[in-house]
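Side chains included, hydrogens not; waters and symmetry mates left out as well; all remaining heavy atoms used. Lettering follows sequence order; numbering is per chain, from 1.
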2 protein chains.
Amino acid sequence: MEIVNRDGPDALSMRALADALESGTATLYRHVSGRPALEALLVDAVFAQLDLADDGDEWRSRTAGLARGMYEALRRHPGVAPLMLRSTPNGPNAMKHRERCIALLQAEGFAAGEAAVIYATLAHYVLGSTLQLIRHDDRSAQAFEAVDPAAYPATRAAAATGRLPVAPEDEFSYGLELMLDGLEGRRPTAPSAVTAP
Amino acid sequence: MEIVNRDGPDALSMRALADALESGTATLYRHVSGRPALEALLVDAVFAQLDLADDGDEWRSRTAGLARGMYEALRRHPGVAPLMLRSTPNGPNAMKHRERCIALLQAEGFAAGEAAVIYATLAHYVLGSTLQLIRHDDRSAQAFEAVDPAAYPATRAAAATGRLPVAPEDEFSYGLELMLDGLEGRRPTAPSAVTAP
DNA sequence: ACCTGAACACCGTTCAAGT
DNA sequence: ACCTGAACACCGTTCAAGT
(Lines give C-alpha, C1' and ligand atoms only; values in the text may rest on other atoms or scores of the structure.)
Protein backbone atom coordinates (compact mmCIF):
# COMPACT_ATOMS: atom_id res chain seq x y z
CA MET A 1 0.00 0.00 0.00
CA GLU A 2 2.91 2.33 0.73
CA ILE A 3 4.27 1.74 -2.75
CA VAL A 4 0.91 2.37 -4.42
CA ASN A 5 0.24 5.53 -2.39
CA ARG A 6 3.73 6.89 -2.96
CA ASP A 7 4.47 5.92 -6.57
CA GLY A 8 1.11 4.97 -8.08
CA PRO A 9 -0.41 1.64 -9.12
CA ASP A 10 2.00 1.09 -12.02
CA ALA A 11 4.93 1.21 -9.61
CA LEU A 12 3.63 -1.82 -7.75
CA SER A 13 5.54 -4.72 -9.23
CA MET A 14 6.43 -8.01 -7.66
CA ARG A 15 10.06 -6.92 -7.84
CA ALA A 16 9.41 -3.54 -6.19
CA LEU A 17 7.44 -5.23 -3.42
CA ALA A 18 10.10 -7.89 -2.94
CA ASP A 19 12.78 -5.20 -2.71
CA ALA A 20 10.74 -3.19 -0.19
CA LEU A 21 10.40 -6.33 1.93
CA GLU A 22 14.12 -7.14 1.43
CA SER A 23 13.24 -10.44 -0.16
CA GLY A 24 13.06 -11.98 -3.63
CA THR A 25 10.13 -12.17 -6.04
CA ALA A 26 9.87 -15.94 -5.80
CA THR A 27 9.38 -15.69 -2.04
CA LEU A 28 6.25 -13.55 -2.53
CA TYR A 29 4.56 -16.50 -4.20
CA ARG A 30 4.70 -18.36 -0.88
CA HIS A 31 2.37 -15.74 0.61
CA VAL A 32 0.14 -14.74 -2.30
CA SER A 33 -0.89 -16.67 -5.39
CA GLY A 34 0.09 -13.91 -7.83
CA ARG A 35 -0.41 -10.29 -8.76
CA PRO A 36 -4.23 -10.47 -9.00
CA ALA A 37 -4.46 -11.83 -5.44
CA LEU A 38 -2.12 -9.08 -4.24
CA GLU A 39 -4.32 -6.44 -5.86
CA ALA A 40 -7.44 -7.96 -4.30
CA LEU A 41 -5.81 -7.64 -0.88
CA LEU A 42 -5.17 -3.94 -1.47
CA VAL A 43 -8.76 -3.38 -2.60
CA ASP A 44 -10.18 -5.10 0.47
CA ALA A 45 -7.82 -3.14 2.72
CA VAL A 46 -9.54 0.04 1.51
CA PHE A 47 -13.00 -1.39 2.20
CA ALA A 48 -11.73 -2.21 5.70
CA GLN A 49 -11.28 1.49 6.38
CA LEU A 50 -14.92 2.35 5.68
CA ASP A 51 -17.07 3.37 8.60
CA LEU A 52 -20.25 1.29 8.58
CA ALA A 53 -21.69 2.94 11.69
CA ASP A 54 -25.32 3.97 11.48
CA ASP A 55 -25.44 7.69 12.14
CA GLY A 56 -29.16 7.52 12.84
CA ASP A 57 -29.88 10.44 10.53
CA GLU A 58 -32.58 10.38 7.92
CA TRP A 59 -32.04 8.22 4.87
CA ARG A 60 -30.66 10.86 2.53
CA SER A 61 -27.75 11.97 4.71
CA ARG A 62 -27.09 8.35 5.64
CA THR A 63 -26.92 7.26 2.01
CA ALA A 64 -24.81 10.30 1.13
CA GLY A 65 -22.53 9.54 4.06
CA LEU A 66 -21.88 5.98 2.91
CA ALA A 67 -21.11 7.14 -0.64
CA ARG A 68 -18.92 9.97 0.62
CA GLY A 69 -17.12 7.60 2.96
CA MET A 70 -16.18 5.35 0.06
CA TYR A 71 -15.15 8.36 -2.00
CA GLU A 72 -12.93 9.71 0.78
CA ALA A 73 -11.32 6.33 1.42
CA LEU A 74 -10.44 5.96 -2.26
CA ARG A 75 -9.25 9.55 -2.29
CA ARG A 76 -6.76 8.67 0.42
CA HIS A 77 -5.58 5.74 -1.72
CA PRO A 78 -6.18 6.88 -5.28
CA GLY A 79 -3.80 4.30 -6.68
CA VAL A 80 -6.11 1.52 -5.48
CA ALA A 81 -9.12 2.73 -7.52
CA PRO A 82 -7.85 1.32 -10.83
CA LEU A 83 -7.30 -2.03 -9.14
CA MET A 84 -11.03 -2.22 -8.39
CA LEU A 85 -11.70 -2.63 -12.10
CA ARG A 86 -10.00 -6.01 -12.45
CA SER A 87 -12.71 -7.97 -10.70
CA THR A 88 -15.81 -7.48 -8.55
CA PRO A 89 -14.47 -6.82 -5.04
CA ASN A 90 -15.35 -9.86 -2.98
CA GLY A 91 -13.01 -9.70 -0.02
CA PRO A 92 -14.58 -9.94 3.47
CA ASN A 93 -14.65 -6.18 4.00
CA ALA A 94 -16.18 -5.51 0.57
CA MET A 95 -18.82 -8.13 1.32
CA LYS A 96 -19.62 -6.47 4.65
CA HIS A 97 -19.87 -3.05 3.04
CA ARG A 98 -22.24 -4.27 0.34
CA GLU A 99 -24.38 -6.12 2.86
CA ARG A 100 -24.61 -3.05 5.09
CA CYS A 101 -25.62 -0.74 2.24
CA ILE A 102 -28.14 -3.08 0.65
CA ALA A 103 -29.66 -3.78 4.07
CA LEU A 104 -30.08 -0.06 4.73
CA LEU A 105 -31.78 0.46 1.39
CA GLN A 106 -34.07 -2.50 2.02
CA ALA A 107 -34.92 -1.15 5.46
CA GLU A 108 -35.81 2.07 3.70
CA GLY A 109 -38.47 0.13 1.81
CA PHE A 110 -36.73 -0.57 -1.47
CA ALA A 111 -37.30 -4.07 -2.86
CA ALA A 112 -34.31 -6.43 -2.57
CA GLY A 113 -33.51 -6.32 -6.28
CA GLU A 114 -33.84 -2.56 -6.59
CA ALA A 115 -31.64 -2.09 -3.51
CA ALA A 116 -28.92 -4.08 -5.29
CA VAL A 117 -29.22 -1.93 -8.41
CA ILE A 118 -29.04 1.25 -6.35
CA TYR A 119 -25.96 0.01 -4.52
CA ALA A 120 -24.26 -0.97 -7.78
CA THR A 121 -25.12 2.38 -9.36
CA LEU A 122 -23.80 4.42 -6.45
CA ALA A 123 -20.70 2.25 -5.99
CA HIS A 124 -19.80 2.49 -9.65
CA TYR A 125 -20.44 6.21 -9.62
CA VAL A 126 -18.05 6.63 -6.69
CA LEU A 127 -15.46 4.49 -8.45
CA GLY A 128 -15.80 6.40 -11.70
CA SER A 129 -15.32 9.65 -9.81
CA THR A 130 -12.20 8.49 -8.01
CA LEU A 131 -10.60 7.05 -11.14
CA GLN A 132 -10.00 10.48 -12.57
CA LEU A 133 -7.99 11.43 -9.47
CA ILE A 134 -4.86 9.85 -10.90
CA ARG A 135 -4.91 11.02 -14.49
CA HIS A 136 -1.36 10.47 -15.61
CA ASP A 137 -0.73 13.75 -17.39
CA ASP A 138 -3.10 16.47 -16.44
CA ARG A 139 -2.04 19.43 -18.45
CA SER A 140 -5.68 19.79 -19.52
CA ALA A 141 -6.15 23.08 -17.64
CA GLN A 142 -3.82 24.91 -20.02
CA ALA A 143 -5.28 22.99 -22.98
CA PHE A 144 -8.78 24.29 -22.21
CA GLU A 145 -7.60 27.87 -21.81
CA ALA A 146 -5.86 27.73 -25.19
CA VAL A 147 -8.89 26.32 -26.99
CA ASP A 148 -10.05 28.13 -30.15
CA PRO A 149 -13.10 30.26 -29.18
CA ALA A 150 -14.43 30.22 -32.74
CA ALA A 151 -14.42 26.43 -33.03
CA TYR A 152 -15.42 25.72 -29.42
CA PRO A 153 -17.47 28.65 -28.04
CA ALA A 154 -19.34 26.70 -25.36
CA THR A 155 -16.19 24.92 -24.18
CA ARG A 156 -14.40 28.26 -24.04
CA ALA A 157 -17.22 29.89 -22.11
CA ALA A 158 -17.08 27.09 -19.56
CA ALA A 159 -13.28 27.29 -19.31
CA ALA A 160 -13.54 31.05 -18.76
CA THR A 161 -15.61 30.47 -15.62
CA GLY A 162 -12.69 28.48 -14.23
CA ARG A 163 -14.92 25.41 -13.89
CA LEU A 164 -13.35 23.43 -16.75
CA PRO A 165 -11.55 21.15 -16.18
CA VAL A 166 -14.07 20.38 -13.47
CA ALA A 167 -12.70 20.00 -9.93
CA PRO A 168 -13.13 16.32 -8.98
CA GLU A 169 -14.84 17.00 -5.63
CA ASP A 170 -17.31 19.44 -7.22
CA GLU A 171 -18.25 16.92 -9.86
CA PHE A 172 -18.61 14.11 -7.36
CA SER A 173 -20.86 16.14 -5.07
CA TYR A 174 -22.97 17.45 -7.95
CA GLY A 175 -23.63 14.01 -9.43
CA LEU A 176 -24.28 12.49 -6.01
CA GLU A 177 -26.92 15.12 -5.28
CA LEU A 178 -28.50 14.46 -8.68
CA MET A 179 -28.78 10.77 -7.87
CA LEU A 180 -30.12 11.39 -4.38
CA ASP A 181 -32.74 13.74 -5.85
CA GLY A 182 -33.69 10.97 -8.25
CA LEU A 183 -33.87 8.40 -5.46
CA GLU A 184 -36.06 10.72 -3.41
CA GLY A 185 -38.77 10.40 -6.04
CA ARG A 186 -38.49 6.61 -6.07
CA ARG A 187 -38.41 6.06 -2.34
CA PRO A 188 -41.31 3.97 -1.03
CA THR A 189 -43.35 5.67 1.70
CA ALA A 190 -43.12 4.79 5.41
CA PRO A 191 -41.16 1.49 5.67
CA SER A 192 -38.66 0.09 8.20
CA ALA A 193 -38.87 -1.97 11.38
CA VAL A 194 -40.65 -0.59 14.42
CA THR A 195 -38.49 0.28 17.41
CA ALA A 196 -40.93 -0.09 20.28
CA PRO A 197 -40.19 0.65 23.95
CA MET B 1 -8.71 -1.43 -32.80
CA GLU B 2 -9.18 -4.96 -34.12
CA ILE B 3 -6.66 -6.24 -31.60
CA VAL B 4 -8.34 -4.42 -28.70
CA ASN B 5 -11.85 -5.57 -29.68
CA ARG B 6 -10.75 -9.14 -30.24
CA ASP B 7 -8.25 -9.73 -27.45
CA GLY B 8 -8.79 -6.89 -24.97
CA PRO B 9 -6.73 -3.84 -24.05
CA ASP B 10 -3.92 -5.83 -22.45
CA ALA B 11 -3.33 -7.66 -25.72
CA LEU B 12 -2.48 -4.41 -27.46
CA SER B 13 1.31 -4.28 -27.37
CA MET B 14 3.65 -2.55 -29.77
CA ARG B 15 4.88 -5.99 -30.77
CA ALA B 16 1.37 -7.37 -31.41
CA LEU B 17 0.52 -4.32 -33.49
CA ALA B 18 3.78 -4.53 -35.43
CA ASP B 19 3.14 -8.22 -36.15
CA ALA B 20 -0.43 -7.50 -37.30
CA LEU B 21 0.96 -4.86 -39.67
CA GLU B 22 3.76 -7.22 -40.73
CA SER B 23 6.36 -4.76 -39.57
CA GLY B 24 8.72 -4.29 -36.64
CA THR B 25 8.20 -2.41 -33.39
CA ALA B 26 10.80 0.22 -34.19
CA THR B 27 8.93 1.13 -37.37
CA LEU B 28 5.82 2.02 -35.36
CA TYR B 29 7.72 4.86 -33.75
CA ARG B 30 7.95 6.54 -37.16
CA HIS B 31 4.15 6.91 -37.14
CA VAL B 32 3.29 7.41 -33.49
CA SER B 33 5.34 8.85 -30.63
CA GLY B 34 4.72 5.92 -28.30
CA ARG B 35 2.09 3.83 -26.61
CA PRO B 36 0.25 6.74 -24.96
CA ALA B 37 -0.22 8.43 -28.36
CA LEU B 38 -1.46 5.16 -29.82
CA GLU B 39 -4.02 4.84 -27.02
CA ALA B 40 -5.16 8.43 -27.55
CA LEU B 41 -5.82 7.64 -31.21
CA LEU B 42 -8.02 4.70 -30.24
CA VAL B 43 -9.96 6.82 -27.75
CA ASP B 44 -10.61 9.53 -30.30
CA ALA B 45 -11.65 6.94 -32.88
CA VAL B 46 -14.51 5.99 -30.55
CA PHE B 47 -15.59 9.62 -30.13
CA ALA B 48 -15.59 9.83 -33.93
CA GLN B 49 -18.40 7.25 -34.04
CA LEU B 50 -20.74 9.30 -31.87
CA ASP B 51 -23.78 10.81 -33.50
CA LEU B 52 -23.95 14.51 -32.68
CA ALA B 53 -27.11 15.12 -34.65
CA ASP B 54 -29.78 17.13 -32.90
CA ASP B 55 -32.89 14.97 -32.74
CA GLY B 56 -35.03 17.99 -32.00
CA ASP B 57 -36.77 16.26 -29.11
CA GLU B 58 -37.18 17.84 -25.75
CA TRP B 59 -34.13 18.23 -23.57
CA ARG B 60 -34.50 15.08 -21.49
CA SER B 61 -34.57 12.61 -24.37
CA ARG B 62 -31.83 14.57 -26.12
CA THR B 63 -29.56 14.48 -23.08
CA ALA B 64 -30.36 10.81 -22.52
CA GLY B 65 -29.65 10.13 -26.20
CA LEU B 66 -26.20 11.68 -26.04
CA ALA B 67 -25.33 9.73 -22.90
CA ARG B 68 -26.71 6.51 -24.35
CA GLY B 69 -24.84 7.10 -27.60
CA MET B 70 -21.55 7.29 -25.73
CA TYR B 71 -22.47 4.21 -23.70
CA GLU B 72 -23.32 2.20 -26.82
CA ALA B 73 -20.15 3.28 -28.62
CA LEU B 74 -18.01 2.17 -25.69
CA ARG B 75 -20.03 -1.01 -25.46
CA ARG B 76 -19.04 -1.81 -29.01
CA HIS B 77 -15.39 -1.20 -28.06
CA PRO B 78 -15.24 -2.14 -24.39
CA GLY B 79 -11.47 -2.53 -24.52
CA VAL B 80 -11.11 1.18 -25.22
CA ALA B 81 -12.87 2.29 -22.03
CA PRO B 82 -9.88 1.63 -19.75
CA LEU B 83 -7.72 3.67 -22.11
CA MET B 84 -9.88 6.72 -21.42
CA LEU B 85 -8.55 6.78 -17.87
CA ARG B 86 -4.97 7.62 -18.81
CA SER B 87 -5.62 11.23 -19.72
CA THR B 88 -8.47 13.61 -20.42
CA PRO B 89 -9.58 12.84 -23.98
CA ASN B 90 -8.55 15.81 -26.08
CA GLY B 91 -8.52 14.53 -29.64
CA PRO B 92 -10.50 16.47 -32.25
CA ASN B 93 -13.57 14.23 -32.00
CA ALA B 94 -13.60 14.31 -28.20
CA MET B 95 -13.36 18.12 -28.37
CA LYS B 96 -16.30 18.27 -30.77
CA HIS B 97 -18.39 15.98 -28.59
CA ARG B 98 -17.76 18.02 -25.46
CA GLU B 99 -18.48 21.26 -27.28
CA ARG B 100 -21.75 19.89 -28.64
CA CYS B 101 -22.95 18.65 -25.27
CA ILE B 102 -21.96 21.74 -23.29
CA ALA B 103 -23.56 23.96 -25.95
CA LEU B 104 -26.84 22.02 -25.71
CA LEU B 105 -26.88 22.35 -21.94
CA GLN B 106 -26.14 26.06 -22.17
CA ALA B 107 -28.90 26.48 -24.75
CA GLU B 108 -31.14 24.78 -22.23
CA GLY B 109 -30.44 27.64 -19.86
CA PHE B 110 -27.73 26.17 -17.65
CA ALA B 111 -24.89 28.58 -16.82
CA ALA B 112 -21.61 27.90 -18.65
CA GLY B 113 -19.86 26.55 -15.56
CA GLU B 114 -22.75 24.34 -14.47
CA ALA B 115 -23.04 22.96 -18.00
CA ALA B 116 -19.40 21.87 -17.78
CA VAL B 117 -19.99 20.16 -14.44
CA ILE B 118 -23.06 18.37 -15.80
CA TYR B 119 -21.13 17.18 -18.85
CA ALA B 120 -18.24 15.94 -16.71
CA THR B 121 -20.62 14.16 -14.34
CA LEU B 122 -22.54 12.39 -17.11
CA ALA B 123 -19.39 11.55 -19.09
CA HIS B 124 -17.70 10.05 -16.06
CA TYR B 125 -20.86 8.16 -15.18
CA VAL B 126 -20.96 6.65 -18.66
CA LEU B 127 -17.29 5.75 -18.44
CA GLY B 128 -17.68 4.19 -15.00
CA SER B 129 -20.57 2.10 -16.31
CA THR B 130 -18.68 0.83 -19.34
CA LEU B 131 -15.54 -0.02 -17.37
CA GLN B 132 -17.25 -2.92 -15.67
CA LEU B 133 -18.04 -4.46 -19.05
CA ILE B 134 -14.60 -6.03 -19.27
CA ARG B 135 -14.17 -7.42 -15.78
CA HIS B 136 -11.39 -9.93 -16.19
CA ASP B 137 -12.82 -12.81 -14.23
CA ASP B 138 -16.52 -12.60 -13.69
CA ARG B 139 -17.38 -15.62 -11.72
CA SER B 140 -19.23 -13.32 -9.30
CA ALA B 141 -22.65 -14.73 -10.23
CA GLN B 142 -21.86 -18.08 -8.62
CA ALA B 143 -20.10 -16.31 -5.76
CA PHE B 144 -23.25 -14.38 -4.87
CA GLU B 145 -25.43 -17.46 -5.02
CA ALA B 146 -23.13 -19.30 -2.64
CA VAL B 147 -23.02 -16.47 -0.10
CA ASP B 148 -23.82 -17.34 3.51
CA PRO B 149 -27.45 -16.25 4.19
CA ALA B 150 -26.79 -15.88 7.90
CA ALA B 151 -23.85 -13.52 7.48
CA TYR B 152 -25.24 -11.66 4.47
CA PRO B 153 -29.05 -11.75 4.52
CA ALA B 154 -29.65 -8.61 2.43
CA THR B 155 -27.03 -9.60 -0.15
CA ARG B 156 -28.60 -13.04 -0.35
CA ALA B 157 -32.11 -11.64 -0.74
CA ALA B 158 -30.89 -9.48 -3.62
CA ALA B 159 -29.06 -12.40 -5.26
CA ALA B 160 -32.22 -14.50 -4.95
CA THR B 161 -34.10 -12.01 -7.14
CA GLY B 162 -31.54 -12.67 -9.87
CA ARG B 163 -30.59 -9.01 -9.86
CA LEU B 164 -27.19 -9.41 -8.21
CA PRO B 165 -24.74 -9.20 -9.84
CA VAL B 166 -26.55 -6.33 -11.48
CA ALA B 167 -26.84 -6.47 -15.28
CA PRO B 168 -24.68 -3.63 -16.65
CA GLU B 169 -27.38 -2.17 -18.93
CA ASP B 170 -29.97 -2.16 -16.12
CA GLU B 171 -27.59 -0.35 -13.84
CA PHE B 172 -26.61 2.18 -16.48
CA SER B 173 -30.23 3.00 -17.32
CA TYR B 174 -31.28 3.20 -13.69
CA GLY B 175 -28.50 5.62 -12.72
CA LEU B 176 -28.99 7.70 -15.83
CA GLU B 177 -32.68 8.13 -15.01
CA LEU B 178 -31.76 9.11 -11.45
CA MET B 179 -29.46 11.82 -12.76
CA LEU B 180 -31.97 13.07 -15.31
CA ASP B 181 -34.60 13.27 -12.56
CA GLY B 182 -32.15 15.31 -10.53
CA LEU B 183 -31.38 17.60 -13.46
CA GLU B 184 -35.08 18.13 -14.06
CA GLY B 185 -35.34 19.90 -10.73
CA ARG B 186 -32.33 22.09 -11.49
CA ARG B 187 -33.27 23.08 -15.01
CA PRO B 188 -33.77 26.82 -15.49
CA THR B 189 -37.20 27.76 -16.84
CA ALA B 190 -37.83 28.80 -20.46
CA PRO B 191 -34.44 29.47 -22.03
CA SER B 192 -32.90 29.02 -25.49
CA ALA B 193 -32.66 31.11 -28.65
CA VAL B 194 -35.78 32.19 -30.49
CA THR B 195 -36.46 30.54 -33.85
CA ALA B 196 -38.54 33.17 -35.65
CA PRO B 197 -40.08 32.82 -39.11
C1' DA C 1 10.66 -28.01 4.93
C1' DC C 2 11.47 -23.64 3.52
C1' DC C 3 13.69 -20.31 0.57
C1' DT C 4 15.61 -18.16 -3.70
C1' DG C 5 18.93 -17.23 -7.88
C1' DA C 6 18.38 -17.60 -12.29
C1' DA C 7 15.79 -18.37 -16.08
C1' DC C 8 11.67 -17.92 -19.33
C1' DA C 9 8.65 -15.36 -22.10
C1' DC C 10 7.01 -11.14 -22.22
C1' DC C 11 6.87 -5.57 -22.34
C1' DG C 12 8.01 -0.23 -24.21
C1' DT C 13 11.61 2.16 -26.21
C1' DT C 14 16.09 3.26 -28.47
C1' DC C 15 19.85 3.26 -31.68
C1' DA C 16 23.48 1.66 -34.41
C1' DA C 17 23.69 -0.54 -38.46
C1' DG C 18 21.76 -1.64 -42.65
C1' DT C 19 19.54 -0.46 -47.39
C1' DA D 1 16.36 9.27 -46.42
C1' DC D 2 14.01 5.66 -44.68
C1' DC D 3 13.79 1.32 -42.22
C1' DT D 4 14.82 -2.28 -38.66
C1' DG D 5 17.48 -6.16 -35.95
C1' DA D 6 19.09 -6.32 -31.82
C1' DA D 7 19.69 -4.58 -27.53
C1' DC D 8 18.34 -2.36 -22.93
C1' DA D 9 15.84 -2.21 -18.82
C1' DC D 10 11.84 -3.69 -17.32
C1' DC D 11 7.61 -7.14 -16.16
C1' DG D 12 4.94 -11.72 -13.91
C1' DT D 13 5.86 -16.31 -13.03
C1' DT D 14 8.30 -20.78 -12.42
C1' DC D 15 11.53 -24.21 -10.92
C1' DA D 16 15.74 -26.41 -10.09
C1' DA D 17 19.01 -25.94 -6.85
C1' DG D 18 20.36 -24.54 -2.52
C1' DT D 19 20.07 -24.47 2.83
Side-chain angles (χ1 to χ4, degrees), chain A residues 1-46 77-91 131-132 134-140, chain B residues 1-46 77-91 131-132 134-140:
Chain A
M1 190 67 95
E2 282 171 24
I3 295 173
V4 171
N5 289 342
R6 183 172 4 99
D7 304 320
D10 293 346
L12 178 68
S13 70
M14 300 305 267
R15 273 164 178 87
L17 179 58
D19 285 354
L21 297 172
E22 301 187 71
S23 178
T25 54
T27 311
L28 296 177
Y29 288 81
R30 312 212 115 260
H31 299 91
V32 91
S33 72
R35 194 185 214 280
L38 180 65
E39 292 175 351
L41 288 174
L42 286 175
V43 167
D44 209 57
V46 170
H77 307 286
V80 177
L83 306 181
M84 292 185 59
L85 297 174
R86 319 295 208 174
S87 62
T88 304
N90 64 347
L131 283 169
Q132 64 168 326
I134 50 147
R135 284 256 151 96
H136 288 19
D137 65 333
D138 241 342
R139 281 180 287 286
S140 59
Chain B
M1 189 69 94
E2 282 171 24
I3 296 173
V4 171
N5 289 342
R6 185 173 2 99
D7 304 321
D10 293 347
L12 177 69
S13 69
M14 300 305 268
R15 272 164 179 87
L17 178 58
D19 286 354
L21 298 172
E22 302 188 70
S23 178
T25 55
T27 310
L28 295 178
Y29 287 82
R30 310 214 116 258
H31 300 90
V32 92
S33 73
R35 195 184 213 281
L38 180 65
E39 293 175 350
L41 287 174
L42 286 174
V43 167
D44 209 57
V46 171
H77 307 286
V80 177
L83 305 182
M84 292 186 58
L85 296 174
R86 321 286 212 184
S87 60
T88 305
N90 63 347
L131 283 168
Q132 65 170 326
I134 51 149
R135 284 255 150 99
H136 290 17
D137 65 332
D138 241 342
R139 279 181 287 287
S140 58

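Rounding to whole angstrom units, CG of residue B/Asp19 and C1' of D/dG5 are separated by 14 Å. Distance B/Arg30 CZ to C/dG18 P: 17 Å, rounded to the nearest Å. Between A/Met14 atom CE and C/dC8 atom P the separation is 20 Å, expressed in whole Å. Atom-to-atom, CG of B/Leu28 to P of D/dC2 comes out at 17 Å; the value is rounded to the nearest Å. Atom pair A/Leu17:CG and D/dC11:C1' shows a separation of 14 Å (rounding to whole Å applied). Rounded to whole Å, the distance from CZ on A/Arg15 to P on D/dC11 is 6 Å. The distance from atom CD of A/Glu39 to atom C1' of D/dC11 is 13 Å, rounded to the nearest whole Å. Distance CZ (A/Arg35) to C1' (D/dT14): 17 Å, rounded to an integer number of Å.
Base pairing of C/dC10 is not made with any nucleotide, judged by Watson-Crick or G-U wobble geometry with both donor-acceptor distances under 3.5 Å. Searching all strands for a Watson-Crick or G-U wobble partner of C/dC15 with both distances below 3.5 Å returns D/dG5.
In this structure the side chain of A/Ile134 reaches within 4.5 angstrom of the side chain of A/Pro9, judged on heavy atoms. A/Leu131 has its side chain out of reach of A/Met84: every pair of non-hydrogen atoms, C-beta onward, lies at least 4.5 Å apart. Inter-residue side-chain proximity for A/Leu38 and A/Leu12 is flagged as met; some heavy-atom pair is nearer than 4.5 Å.
At a threshold of 4.0 angstrom between heavy atoms, the contacts of A/Thr25 include nucleobase atoms, whether or not backbone atoms are also involved.
The residue among B/His31 and A/Tyr29 whose nearest nucleotide of DNA chain D is located toward the 5' end is B/His31.
For C/dT4, one of the phosphate oxygens OP1 or OP2 lies less than 4.0 angstrom from a side-chain nitrogen or oxygen of A/Thr27.
Between the A/Arg86 side chain and the A/Ala40 main chain, no donor and acceptor come within less than 3.5 Å of each other.
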